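Just so you know, these numbers come straight off a predicted model, no measurement behind them. Note that these values count all heavy atoms, side chains included, but never hydrogens, waters or copies made by symmetry.
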Amino acid sequence: MSFGWRAGLCDVDALTPNALVLTGRVTRADVPELCARLQALLDGRAVAVPPAATVVDCDVGGVIRPDLALVEAVARLGLVARRAGDVELRLRNVPAELTALLGLVGLTDVVGHIRADPE
């Protein structure tokens with residue numbers, strides 16, 4: 001599994017959101033590092049930026065075979081965002097399989113917005 005992110009949470013706006021990009025296969029072993037990276041990203045945000053203005057997009061369009069490990073990663077990333085105080089975690093490019101899994105386990109409310117994978 002590989003993942004990346006764009007830093008600079010102080011530059012939040014609708015056109016250039018901050019992002020955590022997940023690609024490849026996400027395993028349960030990857031989850032703690034993903035959470036640590038999101039926490040580091042949030043810890044580095046400028047003090048002058050009100051927490052309510054913080055939005056992090058989590059792009060999952062490059063993930064191979066969405067499964068319960070990815071659901072766990074999304075749930076835990078959502079928890080990290082909530083604990084940071086009014087940080088909105090938005091899923092982008094969500095495959096239909098992940099949307100179905102999130103609904104099945106009752107976690108569609110973990111993130112503020114879910115944008116489906118573009119066809």
Side-chain angles (χ1 to χ4, degrees):
M1 203 281 299
S2 62
F3 45 88
W5 69 95
R6 282 181 295 201
L9 286 175
C10 59
D11 297 327
V12 174
D13 67 46
L15 298 176
T16 59
N18 302 285
L20 184 67
V21 179
L22 282 60
T23 59
R25 176 108 174 141
V26 176
T27 66
R28 291 189 77 211
D30 297 320
V31 176
E33 186 175 350
L34 285 171
C35 291
R37 290 192 179 216
L38 177 58
Q39 187 63 56
L41 198 77
L42 295 172
D43 288 345
R45 65 185 159 171
V47 176
V49 176
T54 303
V55 176
V56 176
D57 282 346
C58 183
D59 187 329
V60 293
V63 172
I64 299 170
R65 290 186 293 168
D67 58 12
L68 290 177
L70 181 58
V71 170
E72 179 182 352
V74 168
R76 293 205 26 213
L77 289 169
L79 184 60
V80 169
R82 285 185 184 182
R83 285 182 178 166
D86 293 328
V87 174
E88 181 182 356
L89 181 71
R90 298 185 301 193
L91 292 183
R92 297 288 189 223
N93 301 317
V94 181
E97 298 91 347
L98 179 57
T99 301
L101 284 170
L102 289 170
L104 183 66
V105 298
L107 291 176
T108 52
D109 291 337
V110 168
V111 292
H113 299 85
I114 298 176
R115 177 184 274 171
D117 192 5
E119 301 278 331

> Given Leu34 and Leu77, is the side chain to side chain contact (heavy atoms under 4.5 Å, CB included) satisfied, shown in steps?
Replying inline: CA-CA 8 Å; Leu34 285 171; Leu77 289 169; 4.3 Å; yes
> If you measure from CZ on Arg83 to CD on Gln39, what distance do you get to the nearest 0.5 Å?
Replying inline: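 Those atoms lie 9.5 Å apart.
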> Rounded to the nearest 0.5 Å, what separation is found between the CG atom of Asp67 and the CZ atom of Arg28?
Replying inline: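 Answer rounded to 0.5 Å: 10.5 Å.
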> Charged N to carboxylate O under 4.0 angstrom, Asp30 versus Arg25?
Replying inline: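 No, Asp30 and Arg25 are not salt-bridged.
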>> Less than 4.0 angstrom from a charged side-chain N to a carboxylate O is my criterion; do Arg90 and Asp57 meet it?
In response: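 A salt bridge is present here (some side-chain N lies under 4.0 Å from a carboxylate O).
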Any heavy-atom pair between the side chains of [Y] and [X] that's under 4.5 Å?
X      : Y      : answer
Val105 : Leu101 : no
Leu42  : Val56  : yes
Leu107 : Val74  : no
Leu89  : Val80  : no
Leu22  : Leu70  : yes
Val63  : Pro95  : no
Val60  : Asn93  : no

>> Between Asp59 and Thr23, is the side chain to side chain contact (heavy atoms under 4.5 Å, CB included) condition met? List the steps.
In response: CA-CA 8 Å; Asp59 187 329; Thr23 59; over 6 Å; no
> So which heavy atom on Ala69 is nearest to which on Val31, and how close?
Replying inline: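 Scanning both residues, the minimum pair turns out to be O-CG2, 4.1 Å.
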> What is the minimum heavy-atom distance between Cys35 and Arg76, and which atoms define it?
Replying inline: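 Result for this residue pair: SG-CB, 3.6 Å.
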